[in-house]
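A quick write-up on the structure given underneath.
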Amino acid sequence: MKRQYLFSAFLAREKCLLYYQGTIRYVVVTADSGERIQLGLKHFQKYFSALGLRGRFRLILTEKGAFESLEKIN
């Protein structure tokens, strides 16, 4: 059975720039369930803006726990 996690993410513009510089590659988020999840910032790249990263997201993992999809829900 696939697993779904909902969470909010806020990352300052400066931190997003560190991703492009190769300094950081991962971020740890806390899902609404309280679980902590480490994700590659590459999955968030299309949601970066001039302000950084802000929003509410849905993460779906496969039955084996591998990344399947990430979508911004607001």
Side-chain angles (χ1 to χ4, degrees):
M1 187 159 114
K2 294 181 183 182
R3 289 182 277 175
Q4 175 176 289
Y5 299 94
L6 299 173
F7 60 91
S8 296
F10 303 97
L11 197 61
R13 178 181 180 271
E14 294 76 20
K15 294 286 185 181
C16 293
L17 291 174
L18 291 176
Y19 166 75
Y20 289 109
Q21 295 170 357
T23 305
I24 60 174
R25 294 178 24 207
Y26 300 96
V27 64
V28 176
V29 299
T30 303
D32 293 352
S33 63
E35 296 171 90
R36 294 179 55 157
I37 304 159
Q38 180 176 303
L39 288 166
L41 275 172
K42 67 181 180 183
H43 301 299
F44 291 97
Q45 187 175 356
K46 65 182 174 183
Y47 303 114
F48 289 173
S49 73
L51 299 174
L53 175 68
R54 303 199 185 303
R56 188 104 173 106
F57 296 88
R58 176 182 296 118
L59 169 67
I60 298 177
L61 301 180
T62 66
E63 294 174 359
K64 294 185 178 183
F67 177 88
E68 184 171 294
S69 66
L70 177 71
E71 66 177 314
K72 189 171 183 180
I73 55 176
N74 76 356

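All values below come from the heavy atoms of this structure, side chains included, with hydrogens, waters and symmetry mates left out. Small disclaimer: the values here were computed from a predicted structure and weren't measured.
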In Å and rounded to the nearest 0.5 Å, what is the [atom1] to [atom2] distance from [X] to [Y]?
X: Phe67; Y: Thr62; atom1: CZ; atom2: OG1; answer: 10.5 Å
X: Glu35; Y: Tyr5; atom1: CD; atom2: OH; answer: 4.5 Å
X: Glu14; Y: Leu18; atom1: CD; atom2: CG; answer: 8.5 Å
X: Gln21; Y: Cys16; atom1: CD; atom2: SG; answer: 11.5 Å
X: Leu41; Y: Tyr20; atom1: CG; atom2: OH; answer: 9.5 Å
X: Ile60; Y: Leu70; atom1: CD1; atom2: CG; answer: 9.5 Å

**Study point:** Hydrophobic cluster identity match, Leu51 and Tyr19, side-chain contacts under 4.5 Å
**Key:**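 Not linked; separate clusters.
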Practice item. Could you please spell out the steps behind the salt bridge (Lys or Arg N to Asp or Glu O under 4.0 Å) verdict for Lys2 and Glu63? Key: CA-CA 5 Å; Lys2 294 181 183 182; Glu63 294 174 359; over 6 Å; no
Do [X] and [Y] touch side chain to side chain, with heavy atoms closer than 4.5 Å?
X: Leu61; Y: Glu68; result: no
X: Gln4; Y: Arg58; result: yes
X: Leu6; Y: Ile73; result: yes
X: Leu59; Y: Leu39; result: yes

Review point. Sequence neighbours excluded, which residues qualify as ring-ring contact (aromatic ring centres under 6.0 Å, His included) partners of Phe57?
Key: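 For Phe57, the residues satisfying ring-ring contact (aromatic ring centres under 6.0 Å, His included) (neighbours in sequence not counted) are Phe7, Phe44, Tyr47.
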Check your understanding: Sequence neighbours excluded, which residues qualify as ring-ring contact (aromatic ring centres under 6.0 Å, His included) partners of Phe10?
Key ->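 By the ring-ring contact (aromatic ring centres under 6.0 Å, His included) rule, Phe10 matches no residue at all.
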Check your understanding: Just wondering, more than 12 heavy atoms not from Arg25 lying within 6.0 Å of its CZ?
Key ->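 Open: at most 12 neighbouring heavy atoms sit under 6.0 Å from CZ of Arg25.
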**Study point:** Donor-acceptor pair, side chain of Lys72 and main chain of Lys46, under 3.5 angstrom
**Key:** no
Review point. Under 3.5 Å, is there a donor-acceptor pair between the Ser8 and Arg56 side chains?
Key: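 Short answer, yes.
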